[in-house]
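Read through the structure below, which is laid out as structure tokens, and then see the notes.
Hydrogens, waters and symmetry mates are skipped; everything else that's a heavy atom, side chains included, is used. Only a predicted model underlies this, so the values are computations on that prediction, with no experimental measurement involved.
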Amino acid sequence: MKRPKTLYVSDLDGTLLGAASELSDASAQMLNQAICLGADFTIATARTPATVSRLLKKVDMKLPAIAMTGAVRWDFNTHDYSKPKFIDTTQAEKLLAIYRRHNLPVFHYSLGENAVEVRHCGDLSDLERKFADERSGSAFKRFMLSDDISSASLERTLLFYSMQPTAQVERLYREISEMEGINPVFYHDIFGPDVALLEVFSQEASKASAVQSIAEEVGAERVVVFGDNVNDIPMMQAATHAVAVENAIDRVREMADEVIGCNTSDCVARWILNDISDTINH
């Protein structure tokens, strides 16, 4: 019996990436083997193309990346941005006013001339400065931290991103969750339990909708996704087969169809290679 055409989609941090949030040579090699065998593979990540391009430079990517939690797609070969999901300008103005009223610093991401532009509102903390320094110097992202958040940039807002003390972020999250037309995501990640992340996107931006769009374009009858954290849950719920890594949070492991090894064991790339090999052999 012929197996259905499959789209494979993986989150990056904590899922496909291993130690030090890097892609191992072994995973890169297995992914390239799988793609050579005909696997339709891409990633869905909160990261921007600036870091995605570096992290996956050893992989022969054919499909566009789902970047910034689905707010934009990015082509590995042409370096073009496509299908941006902008926050409505009026809502962006309201959001910025709320951040300022709460005195909560925030990074503002907008789409400029084929590059993401990052500005900042409020005092820059040591953690934020380190975050920006580690991500600067890319042709695909420009940090403009000394610039005001302009009216023009608000018209092309992709994301508001805060990394602040949990209690402060949670208060803001509760308030903006009542707004229409936006998709706020509140969670903890690599910075530990004392620092929470709050990402605010357009309501139309999600990993799930972007995965569905690519699945339709490639004619996939089966969608397999891999994840570990809160922002992966929507695409895992929409998948044909949801796979959690062993180090995933409890909610992700509980709702997954399958739990595999830890992200540091190259388990995602190995699963994909084994699956596409089985498809060919059967």
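Here the CG atom belonging to L63 is positioned 9.0 Å from the CD1 atom belonging to I66, to the nearest 0.5 angstrom. Distance CZ/F226 to CE/M236: 9.5 Å, rounded to 0.5 Å. Note that CD1 of I276 is 12.5 Å distant from CD of Q33, once rounded to the nearest 0.5 Å. The SG atom of C36 lies 12.5 Å from the CG atom of L31; values are rounded to the nearest 0.5 Å. Rounding to the nearest 0.5 Å gives a distance of 11.0 Å between CG of L7 and CD of E216. Going from atom CD of E204 over to atom CG of D88 covers 10.0 Å, rounded to the nearest 0.5 Å.
Panel note: side chain D257, backbone A242; a donor-acceptor pair is recorded below 3.5 Å. Looking at D275, its side chain never comes within 3.5 Å of a backbone N or O of W271 through a donor-acceptor pair. At distances below 3.5 Å, not a single donor-acceptor pair connects side-chain atoms of T51 with backbone N or O atoms of R47. The closest donor-acceptor contact from the side chain of S150 to the backbone of D148 lies at 3.5 Å or more, if one exists at all. For T42 (side chain) and P64 (main-chain N/O), a donor-acceptor pair under 3.5 Å exists by modelled atom type.
Side chains of I149 and H120 form no contact here, defined as non-hydrogen atoms less than 4.5 Å apart. Contact of the Y81 side chain with the L111 side chain is registered, since non-hydrogen atoms from C-beta on lie closer than 4.5 Å. In this structure the side chain of L172 reaches within 4.5 angstrom of the side chain of L198, judged on heavy atoms. A 4.5 Å side-chain heavy-atom check between I272 and M30 finds every atom pair outside the cut-off. In this structure, D25 and K58 have side chains that are in contact, with non-hydrogen atoms separated by less than 4.5 Å. Taking the side chain as every heavy atom from C-beta outward, R119 and S153 approach each other to under 4.5 Å. I182 places a side-chain heavy atom less than 4.5 Å from the side chain of V200. For the pair L17 and N263, the minimum side-chain heavy-atom distance is 4.5 Å or more.
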Please report the C-alpha distance between Y99 and F160 in whole Å, then the side-chain angles of each, then the deciding distance to 0.1 Å, and finally whether the ring-ring contact (aromatic ring centres under 6.0 Å, His included) criterion is met. CA-CA 10 Å; Y99 280 101; F160 285 93; 5.6 Å; yes
Does the side-chain hydrogen bond (donor to acceptor under 3.5 Å, both in side chains) test come out yes or no for E258 and H241, once each step is laid out? CA-CA 8 Å; E258 181 180 354; H241 189 72; 2.9 Å; yes
Determine, step by step, whether V268 and S27 satisfy the side chain to side chain contact (heavy atoms under 4.5 Å, CB included) criterion, reporting the C-alpha distance in whole Å, the side-chain angles of both residues, the deciding distance to 0.1 Å, and the verdict. CA-CA 8 Å; V268 172; S27 280; over 6 Å; no
Can you list the steps and then say if N183 with V185 is a side chain to side chain contact (heavy atoms under 4.5 Å, CB included)? CA-CA 7 Å; N183 173 25; V185 184; 4.1 Å; yes
Any chance you could lay out the side chain to side chain contact (heavy atoms under 4.5 Å, CB included) test for K207 and D232, step after step, and finish with the verdict? CA-CA 7 Å; K207 288 185 178 182; D232 299 318; 2.5 Å; yes
Between R142 and V116, does the side chain to side chain contact (heavy atoms under 4.5 Å, CB included) criterion hold? Intermediate values first, please. CA-CA 6 Å; R142 294 190 289 268; V116 171; over 6 Å; no
Can you list the steps and then say if Q164 with E128 is a side-chain hydrogen bond (donor to acceptor under 3.5 Å, both in side chains)? CA-CA 9 Å; Q164 298 295 331; E128 289 175 316; 2.9 Å; yes
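Using a cutoff of 4.0 Å between basic side-chain nitrogens and carboxylate oxygens, R171 and E175 are not scored as salt-bridged. Using a 4.0 Å cut-off between charged nitrogen and carboxylate oxygen, D133 and K130 do not count as a salt-bridge pair. Remark: R129 does not engage E134 in a salt bridge, criterion side-chain N to carboxylate O under 4.0 Å. Electrostatic pairing of E217 and R73 counts as a salt bridge here, judged by a charged N lying under 4.0 Å from a carboxylate O.
The aromatic rings of F131 and F143 sit perpendicular to each other, their planes meeting at more than 60°, with 30° as the lower class boundary. Aromatic ring pairs are classed by plane angle as parallel below 30°, tilted from 30° to 60° and perpendicular above 60°; the pair Y161 and Y109 is perpendicular.
Across all non-hydrogen atoms, the minimal contact from V259 to R253 is CG2-O, 4.0 Å. Pairing each heavy atom of Y8 with each of R222, the nearest pair is OH-NH1, 4.2 Å. Heavy-atom minimum distance, A34 versus L273: N-CD1, 3.8 Å. Nearest approach of C262 to C267, heavy atoms of both residues: O-SG, 3.3 Å. Of all heavy-atom pairs spanning T240 and E221, the tightest one is OG1-O, 4.2 Å. The two atoms that bring V223 and A215 nearest to each other are CG2-CB, 3.8 Å, heavy atoms only.
Legend: residues meeting side chain to side chain contact (heavy atoms under 4.5 Å, CB included) with H79, ordered by chain and number and at least two apart, are W74, F140.
The cluster map of Ile, Leu, Val, Met, Phe, Trp and Tyr, joined by side-chain heavy atoms under 4.5 Å apart, puts Y173 and F107 in different clusters.
Annotation for E93: atom CD counts as buried by contact number, over 12 foreign heavy atoms lying within 6.0 Å.
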